[in-house]
Amino acid sequence: MKSLYEIDVYDKSLKPPVGSVVADHSELSHNNTYGPLPLFYVDKLFVCRDCNKEEVWTAEQQKWWYEVAKGNINSIAVKCNSCRKLDKKRKASARKIHLDGIAEKLKKVT
Ligand SMILES: [Zn+2]
C-alpha cells in the first residue's frame, strides 16, 4: 500500500484516500496558476526552516491555508508548530517592549 505521502493529489482516477480532505476549487480561484490544482489534500512531511525538525503539515491545515487564508497554492509550511509559537511570543514581547518604550517617553514629556 502506498503511504499517504506519495499519493498523487492531481490524479483524477484516484479516490480521495482515507485521511485526505477534498479540495474546493471555487475557494482556490484566487490562484492565478496554469498548473493543476490539487483534488484533495493529504498530510505532508516538511522540514522546519528554523530547527530542522520534521513535522507533518496536516490535510486540514493545508485546506485552511489555501482556502480560508487564501495562501498561494505553491506555498507550503516552512516552520514547525513550536517555532511558530516561539515567533509569536517573540513578536508579542518585542511589541510590548516597543509600547513600554513609548509609555516611558510619554511619562517624561508629561
Ligand atoms: Zn521548528
Side-chain angles (χ1 to χ4, degrees):
M1 202 193 136
K2 259 190 173 179
S3 104
L4 266 187
Y5 303 122
E6 305 162 21
I7 275 170
D8 181 2
V9 296
Y10 304 105
D11 186 345
K12 289 197 169 106
S13 68
L14 283 179
K15 268 193 196 154
V18 179
S20 72
V21 178
V22 176
D24 183 346
H25 284 185
S26 67
E27 295 292 344
L28 290 173
S29 54
H30 59 286
N31 285 288
N32 288 317
T33 175
Y34 293 104
L37 292 169
L39 302 165
F40 46 82
Y41 307 106
V42 289
D43 293 359
K44 265 185 205 165
L45 269 180
F46 71 98
V47 176
C48 174
R49 193 167 65 185
D50 283 5
C51 66
N52 289 324
K53 199 181 83 181
E54 263 195 352
E55 191 161 277
V56 176
W57 195 26
T58 68
E60 286 84 12
Q61 285 170 334
Q62 293 168 49
K63 188 177 174 70
W64 180 86
W65 171 246
Y66 294 128
E67 298 183 11
V68 180
K70 305 289 182 200
N72 186 287
I73 201 69
N74 296 314
S75 61
I76 59 155
V78 288
K79 286 187 189 183
C80 72
N81 252 324
S82 33
C83 285
R84 279 212 310 270
K85 265 185 206 149
L86 222 70
D87 276 2
K88 257 189 205 162
K89 249 190 221 162
R90 259 190 232 127
K91 263 184 209 157
S93 73
R95 193 176 145 73
K96 191 180 176 317
I97 289 165
H98 176 72
L99 291 176
D100 286 352
I102 290 174
E104 206 47 45
K105 268 186 204 154
L106 285 174
K107 255 188 230 160
K108 277 176 195 157
V109 175
T110 52

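The figures here come from the full heavy-atom set of this structure, side chains too, leaving out hydrogens, waters and symmetry mates. Whatever order the structure lists them in is the order used to number ligands and atoms, beginning at 1.
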Enquirer: Would you call V56 and F46 a side-chain contact if the rule is heavy atoms closer than 4.5 Å?
Expert: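 V56 vs F46: side chains apart.
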
Enquirer: Are K63 and E60 ion-paired here, with the side-chain N under 4.0 Å from a carboxylate O?
Expert: no

Enquirer: Are the side chains of C80 and C83 in contact, using a 4.5 Å heavy-atom criterion?
Expert: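 They are in contact (side-chain heavy atoms under 4.5 Å apart), so the answer is yes.
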
Enquirer: For W57, give me all partners under side chain to side chain donor-acceptor pair (under 3.5 Å), at least two apart in sequence or on another chain.
Expert: none

Enquirer: Within the structure provided, determine whether L39 and V22 are in side-chain contact (heavy-atom separation under 4.5 Å).
Expert: no

Enquirer: Indicate yes or no: at least one non-hydrogen side-chain atom of K79 is less than 4.5 angstrom from one of E55.
Expert: no

Enquirer: Which N, O or S atoms belonging to the protein are less than 2.8 Å from the Zn ion (ligand 1)?
Expert: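 Listed by chain and number: C48 SG, C51 SG, C80 SG, C83 SG.
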
